[in-house]
Amino acid sequence: MNTVFSLWSSQKGRNLIVQLLMVAGFLGLVWWLVDNTVANLARQNVATGFGFLENNTGFDINQKLIAYDESSSYQRLLLVGLLNTAIVSVLGIFFATLIGFMVGLARLSDNWLVSKLAFLYVEIFRNLPLLIQILFWYVLLIEILPHPRNSFALGDMFFLNNRGLYLPWFTSLSGGNIVLWAIALFGVGWFFVSRQAQKRRELTGQKSSYTRHYFILGVIALAGYLSLWGVPFEPNLPALKGFNFRGGLSFTPEFVALLVALSLYTASFIAEIVRAGVLCVAKGQFEAAKALGLPTNVAMNKVIIPQAMRVIIPPLTSQYLNLTKNSSLAAAIAYPELVSVFAGTALNQTGQAVEIIFITMSIYLFLSLLTSFLMNIYNARVALVEK
Amino acid sequence: MRSILKWSRENLFATRMNAVMSVLSIWLVYVAIEGVFSWALINASFIGTDKASCAANPHGACWPFVTAKLNQFVYGNYPMGEQWRVNIVFALGAFGLGLLMTKRVSFKKEVAVLMLTVYPVLTFILLSGGFLGLSYVETNQWGGLLVTLVIAVTGIVVSLPLGILLALGRRSELPIIRIMSIGFIEFWRGVPLITVLFMASVMLPLFLPEGMNFDALLRCLIGVSMFASAYMAEVIRGGLQAIPKGQYEAAKSLGLSYWKSMRLIILPQALVVSIPGIVNTFIGLFKDTTLVMIVGIFDLLGIISFHFTDPNWTSPQVPITGFVFAGLVFWVFCFAMSHYSKSVERRFSVTGENK
Amino acid sequence: MSEKHIIEITHLDKYFGDFHVLKNINLSVAAGERIVICGPSGSGKSTLIRCINHLEQHDGGEIIVEGIPLNDSVKNIDFIRSEVGMVFQQFNLFPHMTVLENCILAPVWVKGVPRAEAEMLALQYLERVRIPDQADKYPGQLSGGQQQRVAIARSLCMQPRIMLFDEPTSALDPEMIKEVLEVMVDLAEQGMTMLCVTHEMGFARRVADRVIFMDEGEIIEENTPAAFFDNPQNDRTKLFLSQIIGD
Amino acid sequence: MNFLKWPGVKVSKVGLFSFVSFFLFLALAHLQSAKADTTLDLVKKRGELSCGVSQGLQGFSAPDDKGRWHGIDVDFCRAVAVAVLGDAEAVKIVPLSAKVRFTALQSGEIDLLARNTTWTMHRDTALGIQFVGVNYYDGQGFIVRKDIGVTNARELDGASICVNAGTTTELNVADFFRSNGMDYEISSYEKSEEAVAAYDAGRCDAYTTDQSGLYAQRQRLIDPDAHMVLPDVISKEPLSPVVRQGDDVWADVVRWVHYAMLNAEELGVNAQNVDKLQESINPSIRRLLGVEGAYGESLGLDNKWAARIIRKVGNYGESFDRNLGAGSQLKIERGLNALWSNGGLQFAPPIR
């Protein structure tokens, strides 16, 4: 007891005691919760463990980017849900950024009308709960769009109805995948070649013809392959068969409603971030650019935006993360993303709430921590450049 | 007239590009206004008692749905005879907020303290009753705007102090307190709110000893509050970082203890700096209350969409009308908050220039 | 001898990471003594006085203030802080409080002095630093010199026995330096124990009992002002003085 | 970063305080948990039954304009409440989506799930729940718009189907289409009313659920007459109230509430004549109404338990009639749900 008192009188001792108590309390709490849960589950004889991931799901879902049917496992379902989350998030991020930058810059426009319009956009979309927006777009889509038989059509290739949006697409025949991979590789190569070209230009001041040569080479290779082995693709056009359109590339109304709502909502935040970022770059910078005789768009692209980006990127990333998390609201409109299909349907079919919620939360947590981690690296780099 | 022309030449048609943009914008405004007007007013139905009254106007709003159900939208299934209690709570809240927002009031601090301490208790007593001669009203009878506001206000009242503690914890020198704060904050910020609500609404009793349980709405409130606290903590941390190091040192050199210097010196300044962020968190929280609908609590949005299934009102216009109405209500609240925060910000930035 | 010493520093060592900021500092200050510490920037002079009220924690050696060792004990730190006042280069007034509120804060919250009493005391000290009429203004509304004088009054309100000044005039415009120095001279003449980090050589000549020259974390030279300025012993001191005067 | 360092005086006080309060909380919780045992005791102590029902399925559980819940499932909740607590109103109706119902039951959020839930082997064995007895025999069917020209389920090849997520319906429809080599597109909605609304808006060609549900949901469509229920029944759907596994006392109570209602119908005891029949000489009736024997007590209730149910809620036939049958809007035939003596499947073990 005496030692505790003497520890208590020094600051380090106090800190130590407080922290030990906190740890003990925390571990106690965790132990208590786990203990209760295990006891509760055991008493009721609820199946536990992750063995269910191997079982067949027995149900189908309406959007899958990889092969999946009723006989697939829950593991597969998890992956399908995750990919559905990913596709809507990636596209959402793309459109939100596009719209957000346009609106954000429009708010700074000299044109009174344009800037007020952008202001209106931001105020409307930012102040409306996302869930209402998702439900609104969804109801609008399925109520207003026609039945497949009366689809809006564009040249027998594009169709829009209350079952979705249908676009022409292609199917790969044998060898098609190889060509697709080759094109992807070519794209990656393009990145390196153009960087090399830029370096050379900076060093020598001369325009290099690397990229042009690279491109020509690629085209020749492709043409050679196609002429030797033929085109390994065939068009896949949507057509009305029975109740619905089949073939082609299709997007369900759930997907479209979610994408529209997520993009428009997040764009309103991105617009504000962009505006604040640009305003943050000192007015002096703009004046300096002007004084050098740079035209407005060059000043914007070469001086203001690059500097603003430094301010913009951290909050922008957190908006991206929010968008990804917000895609979980799809549960309300039956878009089969991770939360709705895994933490919803699968949870109910298997009854293993603890395991499923644990997996789901871990995935989101992982994404979030990964983003924070990357952001910290970025911030550290930017901070270094500043010095 | 000439000045209008001059103004528009300078502001709308200064360059060719500008003129194109202006024309485009005018067209957009026209289309939007025309669409909204014809839907909400010209083609809309206004009187009636069931879906038949809206059948005549298939391309317009079905406002009778809103007027017929307004009581439920505001109070949920709160017993008619007891609704005066809700009204008192609303009125007191509005009065308190009014005082806080009036510039001339000198006793704002006292009002704020009352609003954060006495008001929630009073609200709880009035709304749930069970003693003082008030009949007990179960929380599953609460609904509509009432629940939306209860969740939002609770979230606000809880998340502010909790967020402050977490922010201080995150900046603490004690590594374990810091790590635990970071862990807490990152956890709640990392997971989607609906998984949190799901846990709170149906799974929580699984983690507690058998037979121990508490009210469903309360569990939702806890979930929402934890979630909001984590966001609040990050906002306040930003404010704390903005306070110059000299302030900490001066407080220390005067002999103020940690908590005193935080309460008297650091937080009063940090909170002012964070006002925009705090209000944004409030707005986010307010919007997020709609998510409780997914776990079966009838907030405003929840109760509106619940009434879509009333056989008397199944009509294609009803859902859109309902969502527009819900959107309008939420929008007014959120816009008012953001507007107020901007005016506060402006006021502080003006005094800031004096420094 | 040691009873008369209000501050006793022996073998003081301090590191910032790997950087050895203070190297084996030994310094005794008698009650009522006025010491000016000077030296090039980065010489550790600010760190030295910041160690005395535990704004920096020292890594080796001992600091004894009024017979109480400055160690990890919370009670001792609190006691020493209430006995030692500090004035900063950047004033560090609390911008959200009026001048008067700044001054009564510590007496009320640390010592538990009744508010009315604290206000009287504060007004008295504000008068002493010659700004009694600014009591209800906010720091942001005052000039730099006025702010620094408020900061001095704020420290005095705790009725410390020792005052530490950390370059109190270097953030001020020339015309304001004078008004702050006058207050400090005043204070010195009333017998306050003072440790000043400053480059105001006129001030040093006028009030200091001792001038200490520090460089690279060591005390290089220590002498009466007259001897120090007119007949510096060390080469580094000479170089430093020539640069100062060359300014 | 030295400026962050502070004497930890008050930090520790707060830490200590939270620590102590946490342990007080733990102790309290343990006190409480030590006392708790069977659900029956819990319900009695609480004075209220927490009963999970569907969020709105006419005939089974749906609120009226005043927010009062009606339906055969709600009646069952009230019957249990009146048997256990003596008050048919001492019941908290908890509307649950299909997705959360089992979790809510497992976790203890509700004491009893009466939510037109299909009894399947997987649910019975793996979810930690127990089905007590079929209170409605059902089968899954489809509803379609008349104008799409489909007359039976086999013609639905390639159709879009709306279902309620997390139900056996969702699994059966997959089985049905797969076993018939047919193609389909499924849209699974969190709530049944969302699925119905989507179907009504034309998002799907057919909506599928239990037959009883199809009739109930048809009432909600914008133009009920434009839709028809296909004749096919593609599955067996025995709907049963559910309790947590491992609490046999409570399972017995709930099971016998159901059987008491069935026995009452079989013996001709109903809400009108229950008081008169106290003097009946029929020993079966006397046992049911607690005049003879101590059957209620062996359940952990009192002997008038069944009499109370019949007085306040009625027998099974009355409840069926009022909510689903001739006395309701749905006008569903008794069919499989007639008593065994009338050619149906409802057969209750005797009270003796």
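Within every chain, numbering begins at 1; the chains are lettered A, B, ... in the order of the sequence lines, protein sequences first and strands thereafter.
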Where is the tightest heavy-atom contact between [X] and [Y], given as atom of each residue plus distance?
{"X": "A/Val103", "Y": "A/Ala118", "answer": "O-CB, 3.5 Å"}
{"X": "B/Ala242", "Y": "B/Val273", "answer": "CB-CG1, 4.1 Å"}
{"X": "A/Arg275", "Y": "A/Arg107", "answer": "NE-NH1, 3.5 Å"}
{"X": "B/Phe187", "Y": "A/Met361", "answer": "CZ-SD, 3.9 Å"}
{"X": "B/Ala152", "Y": "B/Thr289", "answer": "N-CG2, 3.9 Å"}
{"X": "B/Gly190", "Y": "A/Leu365", "answer": "CA-CD1, 3.7 Å"}

Proximal component of [X], with respect to chain A [non-hydrogen, under 4.5 Å]:
{"X": "B/Ile179", "answer": "neither"}
{"X": "B/Val332", "answer": "neither"}
{"X": "B/Ile320", "answer": "both"}
{"X": "B/Met199", "answer": "side chain"}
{"X": "B/Leu28", "answer": "side chain"}
{"X": "B/Ser22", "answer": "both"}
{"X": "B/Phe333", "answer": "neither"}

At a 4.5 Å cut-off on heavy atoms, which part of [X] comes close to chain B: side chain, backbone, both, or neither?
{"X": "A/Tyr265", "answer": "side chain"}
{"X": "A/Leu135", "answer": "both"}
{"X": "A/Val354", "answer": "both"}
{"X": "A/Asn326", "answer": "neither"}
{"X": "A/Ile363", "answer": "neither"}
{"X": "A/Thr360", "answer": "side chain"}
{"X": "A/Leu120", "answer": "neither"}
{"X": "A/Ala331", "answer": "side chain"}
{"X": "A/Leu347", "answer": "side chain"}
{"X": "A/Asn40", "answer": "side chain"}
{"X": "A/Leu117", "answer": "side chain"}
{"X": "A/Phe358", "answer": "neither"}

With chain B as the partner, which of [options] has the greatest number of non-hydrogen pairs under 4.5 Å?
{"options": "A/Leu16, A/Ile124, A/Thr324, A/Thr371", "value": "A/Ile124"}
{"options": "A/Ser372, A/Ser368, A/Ala332, A/Ser328", "value": "A/Ser328"}
{"options": "A/Leu367, A/Ile357, A/Val23", "value": "A/Ile357"}

Tell me whether [X] contacts the main-chain N or O of [Y] through its side chain, where contact means a donor paired with an acceptor under 3.5 Å.
{"X": "A/Thr85", "Y": "A/Leu338", "answer": "yes"}
{"X": "A/Thr37", "Y": "A/Leu33", "answer": "yes"}
{"X": "B/Gln317", "Y": "B/Asn57", "answer": "yes"}
{"X": "A/Asn84", "Y": "A/Glu337", "answer": "no"}
{"X": "B/Thr321", "Y": "B/Cys62", "answer": "yes"}
{"X": "B/Arg170", "Y": "B/Ser181", "answer": "no"}
{"X": "A/Ser340", "Y": "A/Tyr335", "answer": "yes"}
{"X": "A/Glu355", "Y": "A/Gly49", "answer": "yes"}
{"X": "A/Asn36", "Y": "A/Trp32", "answer": "yes"}

Is the closest side-chain donor-acceptor distance between A/Gln19 and A/Asn15 under 3.5 Å?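 Looking only at side-chain atoms, A/Asn15 and A/Gln19 do not form any donor-acceptor pair under 3.5 Å.
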Describe, in one word, how the ring planes of B/Trp331 and B/Phe335 are oriented to each other, choosing from parallel (under 30°), tilted (30 to 60°) and perpendicular (over 60°).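 Because their plane-to-plane angle is under 30°, the rings of B/Trp331 and B/Phe335 count as parallel.
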Between B/Phe65 and B/Trp313, how do the two ring planes meet: parallel, tilted or perpendicular, split at 30° and 60°?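 Geometry flag for B/Trp313 against B/Phe65: perpendicular rings.
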Salt bridge A/Glu123-B/Lys342, side-chain N to carboxylate O under 4.0 Å: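 Yes, this pair counts.
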Chain A interface, residue from B/Ala326, B/Pro319, B/Pro192 that has the most non-hydrogen pairs under 4.5 Å: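 Winner by heavy-atom pair count: B/Pro192.
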How about residues 298-307 of chain B versus chain A: which residues have heavy atoms under 4.5 Å apart?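 Under the 4.5 Å heavy-atom cut-off, B/Leu301 qualify.
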Within residues 108-115 of chain A, residues adjacent to chain B where the heavy-atom gap is under 4.5 Å: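 Listed by number: A/Asp110, A/Asn111, A/Trp112, A/Leu113, A/Val114.
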Is the number of heavy atoms from other residues, nucleotides or ligands under 6.0 Å of B/Met21 CE greater than 12?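 Count not over threshold, so no.
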When you look at A/Leu128 and B/Cys334, which way does the side-chain contact (heavy atoms from CB on, under 4.5 Å) test go after all the steps? CA-CA 8 Å; A/Leu128 277 175; B/Cys334 295; over 6 Å; no
